[in-house]
Amino acid sequence: MRFFNTYSREIEEFEPRDPAARLIRIYTCGPTVYSRAHIGNFRAYIFEDLLQRHLELRGYKVHRVMNITDVDDKTIRGAREAKVPLAKFTQQFKQAFFEDLKTLRIKPADEFPAATEQRYIDRMIDMIGVLISRGLAYQAEDKSVYYRINKFPNYGKLAHFDLTQLQSTGRVKHDEYDKEHIGDFALWKAWDEEDGDVRWDSPWGPGRPGWHIECSAMSTALLGDQIDIHCGGVDNIFPHHEAEIAQSEGVTGKKFVCCWLHCAHLLVDGQKMAKSLDNFYTVPDVLAKGYTGRELRYALMRVHYRAPLNFTWDGMNEARESLARIDEWLARLHEIAQKENVQLSTANAQRPIEKSEFEEALDDDLNISAALGLLFESIRETNRAMDENKLDAATASAWLDWWKRINTVLDVEAEAEIVVPPEVAQLARERENARREKNWKRSDELRERISVLGWEVRDTKDGQKLARRAAK
RNA sequence: GGCGGGGUAGCCAAGUGGUAAGGUCGCGGUCUGCAAAACCGCUAUUCGCGGGUUCGAUUCCCGCCCCCGCCUCCA
């Protein structure tokens with residue numbers, strides 16, 4: 001298995017730290033719950049889901065942690081503006097986040113630690129204390145505690161940044177006069193009036209943790225000093241992940257992460273989808289357009305994680321049509337598999353793959369496009385065999401088993417068959433009668449009425465078949 | 001300016017030192033009363049541009065152009 005490690009900027013052979021246990025520890029940066037996450041955020045989570053599921057398919061056990069940032073500038077501002085306590089303000093977005101995960105069929109992490117949990121606050125304070133004692137951090141005049149990046153030689157190595165070249169983009173206000181170096185980042189932010197009652201006591205006075213330290217505290221608390229894989233979006237490389245390395249290694253003295261994986265952005269009209277650009281869609285926005293969670297899942301998953309993905313409604317339609325092709329294929333296979341059929345001649349060429357090309361494609365830095373290509377090639381091959389009546393029940397079952405296996409990774413199968421509404425069933429019965437009388441005009445009329453109700457009727461040699469069709 | 005990612009058919013997108021998977025869309029055909037689904041066929045003499053290496057490059061090297069992102073709290 002090979003992954004592109006951001007740290008080395010190379011494709012590397014992946015080896016778990018603990019090969020015997022076949023356990024892989026993964027830390028993934030989660031949402032800041034100040035508003036509903038947008039689908040660009042979920043692209044990252046779907047990439048991580050794909051990663052986890054593939055590792056599991058390959059027989060590894062995955063222990064994955066995803067943090068929830070429920071205290072920072074934005075959440076505090078949001079709570080203040082809404083005039084509700086911070087915890088109440090963030091609760092609604094936590095809940096929305098979990099709903100969206102479910103809609104997109106993203107496997108929940110094993111743990112979702114929140115930054116405001118006392119045990120993590122305590123741990124953050126402990127870590128900051130160690131960093132200060134080692135000269136890696138200092139309290140400035142503004143009472144905040146900062147990381148002294150010049151004392152950590154590897155700082156900048158992940159992002160490949162030369163610290164002397166750092167430029168301010170003006171995006172964030174600096175209290176430059178208080179810091180020794182413009183690149184020093186806050187570990188502990190001293191309380192000020194804007195924070196209201198959001199405050200914790202610390203040896204450095206009241207305040208709240210900086211953003212980066214929470215991930216160091218949670219990852220080491222839940223996964224140990226060293227973890228196998230750490231993921232996030234490319235925008236997290238600097239400064240967030242750089243800071244995490246400095247903090248975690250500054251405390252433990254051990255190499256923090258073996259493999260860093262970062263996914264590219266979701267774009268809209270060629271630009272990064274972002275709250276600040278106001279060009280984002282949420283999961284409910286997409287559902288409101290008539291698409292399903294699995295369609296969005298597929299649309300966000302089908303492009304390699306390191307390539308930018310432009311979100312379009314054409315892309316959503318393509319996802320829909322591709323899934324419909326899979327659905328049709330599965331329905332045909334099920335039908336044949338259930339027949340107690342006599343031996344049909346199934347040529348060897350149509351035998352299901354013991355071959356594991358699908359998994360092997362994913363082994364190669366999660367090459368999902370190649371994997372899906374293999375799936376669709378298999379679909380065409382088996383459809384052809386079925387058209388020629390050359391696929392027997394045993395072979396169909398074997399193909400279904402194969403699908404079942406790869407679908408543990410994809411998880412894009414349609415929801416269980418939806419019951420045909422009585423209204424539609426009634427129209428279908430009428431149409432059947434009309435067809436018996438060869439009353440084509442009436443038959444077509446009924447087909448149209450059924451279509452308006454969101455169902456498609458097909459005439460096969462075994463009679464009418466009804467399939468649910470999403471509106472185009 | 002520094003550091004990354006990307007540039008392959010209308011759109012999306014794999015890939016290899018030997019002449020381009022797959023999806024979607026469109027067109028033609030088989031099937032059908034007509035459709036739908038499925039299948040068959042067609043759709044990039046060409047892989048951002050210009051050089052170089054090579055018998056041969058989209059793939060390796062050099063230079064350049066374009067798009068997107070990061071450069072101190074954005075997945």
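The figures that follow rest on heavy atoms only: side chains count, while hydrogens, waters and symmetry mates do not. Convention: sequence-line order gives letters A, B, ...; per-chain numbering from 1.
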Participant: Could you tell me how far apart A/Asp364 (CG) and B/G15 (P) are, to the nearest whole angstrom?
Facilitator: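 Between P of B/G15 and CG of A/Asp364: 7 Å.
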Participant: Think A/Asn383 has a side-chain N or O under 4.0 angstrom from the OP1 or OP2 of B/C39?
Facilitator: yes
Participant: Counting side-chain heavy atoms from CB outward, which of B/C11, B/A35, B/U72 is closest to A/Glu318?
Facilitator: B/C11
Participant: Would you indicate, yes or no, if B/C70 has its OP1 or OP2 atom less than 4.0 angstrom from a side-chain nitrogen or oxygen of A/Lys272?
Facilitator: yes
Participant: What integer distance in Å separates A/Arg9:CZ from B/G6:P?
Facilitator: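 From A/Arg9 CZ to B/G6 P: 11 Å.
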Participant: I'd like the P distance from B/G15 over to B/U53, given in whole Å.
Facilitator: 29 Å
Participant: Within the structure, does a side-chain N or O atom of A/Lys74 lie under 4.0 Å from either OP1 or OP2 of B/C74?
Facilitator: yes
Participant: Tell me which one of A/Thr32, A/Leu86, A/Thr90, A/Thr75 satisfies side-chain contact (heavy atoms from CB on, under 4.5 Å) with A/Asp70.
Facilitator: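 It is A/Thr90, the one option of A/Thr32, A/Leu86, A/Thr90, A/Thr75 that forms the side-chain contact (heavy atoms from CB on, under 4.5 Å) with A/Asp70.
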Participant: Which of these, A/Arg447, A/Arg442, A/Lys441, sits in a salt bridge (charged side-chain N to carboxylate O under 4.0 Å, His left out) with A/Asp444?
Facilitator: A/Arg447
Participant: In whole angstrom, give me the gap between the C1' atoms of B/C42 and B/A9.
Facilitator: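 It works out to 13 Å between them.
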Participant: Using atom C1' of each nucleotide, how far apart are B/U45 and B/U19 to the nearest Å?
Facilitator: 9 Å
Participant: Please report the distance separating the P of B/G6 from the corresponding atom of B/G51, rounded so that it comes out in whole Å.
Facilitator: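 Their P atoms lie roughly 25 Å apart.
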Participant: Between B/C11, B/C25, B/C39, spot the one nearest the side chain of A/Arg380, thanks.
Facilitator: B/C39
Participant: Go through B/G23, B/C70, B/G33 for me and flag the one nearest to the A/Asp459 side chain.
Facilitator: B/G33
Participant: Taking only residues two or more places apart in sequence or in another chain, which ones pass side-chain hydrogen bond (donor to acceptor under 3.5 Å, both in side chains) with A/Arg302?
Facilitator: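 Counting only residues at least two positions away or on another chain, A/Arg302 forms a side-chain hydrogen bond (donor to acceptor under 3.5 Å, both in side chains) with A/Glu318.
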Participant: Say you pick atom P in B/U54 and the same atom in B/A20; how far apart are they, in whole Å?
Facilitator: 24 Å
Participant: Please determine which of A/His230, A/Met66, A/Glu48, A/Glu214 meets the side-chain contact (heavy atoms from CB on, under 4.5 Å) test together with A/Cys29.
Facilitator: A/His230
Participant: Give the ring-plane orientation class for A/Tyr291 versus A/Trp313, where under 30° counts as parallel, over 60° as perpendicular and anything between as tilted.
Facilitator: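 Correct class here is parallel.
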Participant: Which residues in residues 303-310 of chain A have at least one heavy atom lying under 4.0 Å from any atom of RNA chain B?
Facilitator: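 Nucleic-acid contacts, sorted: A/Val303, A/His304, A/Arg306, A/Pro308.
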Participant: Roughly how many Å is it from CD in A/Glu242 to C1' in B/C71, rounded to a whole number?
Facilitator: 11 Å
Participant: Quantified in whole Å, what is the C1' atom distance between nucleotide B/G50 and nucleotide B/C66?
Facilitator: 15 Å
Participant: How close or far is atom P of B/A13 from atom CG of A/Asp314, stated in whole angstroms?
Facilitator: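 The distance from CG of A/Asp314 to P of B/A13 comes to 13 Å, rounded to the nearest Å.
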Participant: Determine yes or no for a side-chain-to-main-chain donor-acceptor pair under 3.5 angstrom, with A/Arg123 supplying the side chain and A/Met218 the backbone.
Facilitator: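 Here the side-chain-to-backbone pair does not exist.
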Participant: Given A/Arg208, which of A/Asp73, A/Asp72, A/Thr116 fulfils the side chain to side chain donor-acceptor pair (under 3.5 Å) condition?
Facilitator: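 That would be A/Asp73; it is the only one of A/Asp73, A/Asp72, A/Thr116 passing the side chain to side chain donor-acceptor pair (under 3.5 Å) with A/Arg208.
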Participant: When rounded to the nearest Å, what value does the distance between C1' atoms of B/U43 and B/G29 take?
Facilitator: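 After rounding to an integer number of Å, I get 15 Å for this pair.
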Participant: Looking at the side chain of A/Arg302, which of B/A21, B/G69, B/C12 is the nearest nucleotide?
Facilitator: B/C12
Participant: Which whole-number value in Å describes the distance from A/Arg325 CZ to B/G23 P?
Facilitator: 5 Å
Participant: Tell me if a side-chain donor or acceptor on A/Lys74 pairs with a main-chain N or O of A/Tyr34 at a distance below 3.5 Å.
Facilitator: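 Side chain of A/Lys74 to backbone of A/Tyr34: no pair is present.
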Participant: So, is A/Asn367 close to the B/G15 phosphate, meaning a side-chain N or O under 4.0 Å from OP1 or OP2?
Facilitator: yes
Participant: Which part of the nucleic acid, if any, lies within contact of A/Gly315, taking any heavy atom under 4.0 Å across all strands shown: a base, the sugar-phosphate backbone alone, or nothing?
Facilitator: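 No contact.
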Participant: Quick check for you: among B/A36, B/G22, B/G69, whose closest atom lies nearest to any side-chain atom of A/Phe376?
Facilitator: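 The closest nucleotide is B/G22.
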Participant: Among B/C34, B/A38, B/C70, find the nucleotide with the atom closest to the side chain of A/Phe238.
Facilitator: B/C70
Participant: Side chain of A/Ser443, heavy atoms from C-beta onward: which of B/C74, B/A13, B/G33 has the nearest atom to it?
Facilitator: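 Of all the options, the side chain of A/Ser443 is nearest to B/G33.
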Participant: Counting side-chain heavy atoms from CB outward, which of B/C3, B/U24, B/A13 is closest to A/Glu321?
Facilitator: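 Ranking B/C3, B/U24, B/A13 by closest atom to the A/Glu321 side chain puts B/U24 first.
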Participant: For B/G63 and B/C71, measure between their P atoms and round to the nearest Å.
Facilitator: 27 Å
Participant: Could you please name the option among B/A38, B/G69, B/A36 that lies closest to any side-chain atom of A/Arg458?
Facilitator: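 Nearest to the side-chain atoms of A/Arg458, counting from C-beta on, is B/A36.
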Participant: Should the side chain of A/Glu377 and the base of B/G22 be counted as holding a donor-acceptor pair, with the cut-off at 3.5 Å?
Facilitator: no
Participant: Once the angle between the rings of A/Tyr146 and A/Tyr138 is folded into 0 to 90°, is it parallel (under 30°), tilted (30 to 60°) or perpendicular (over 60°)?
Facilitator: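 Ring orientation of A/Tyr146 relative to A/Tyr138: tilted.
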Participant: Between A/Arg384 and B/C40, is there a contact of a side-chain N or O with OP1 or OP2 at under 4.0 Å?
Facilitator: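 Indeed, a polar side-chain atom of A/Arg384 lies that close.
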Participant: On RNA chain B, check which nucleotide each of A/Leu267 and A/Ile39 is closest to and give me the residue with the more 5' one.
Facilitator: A/Leu267
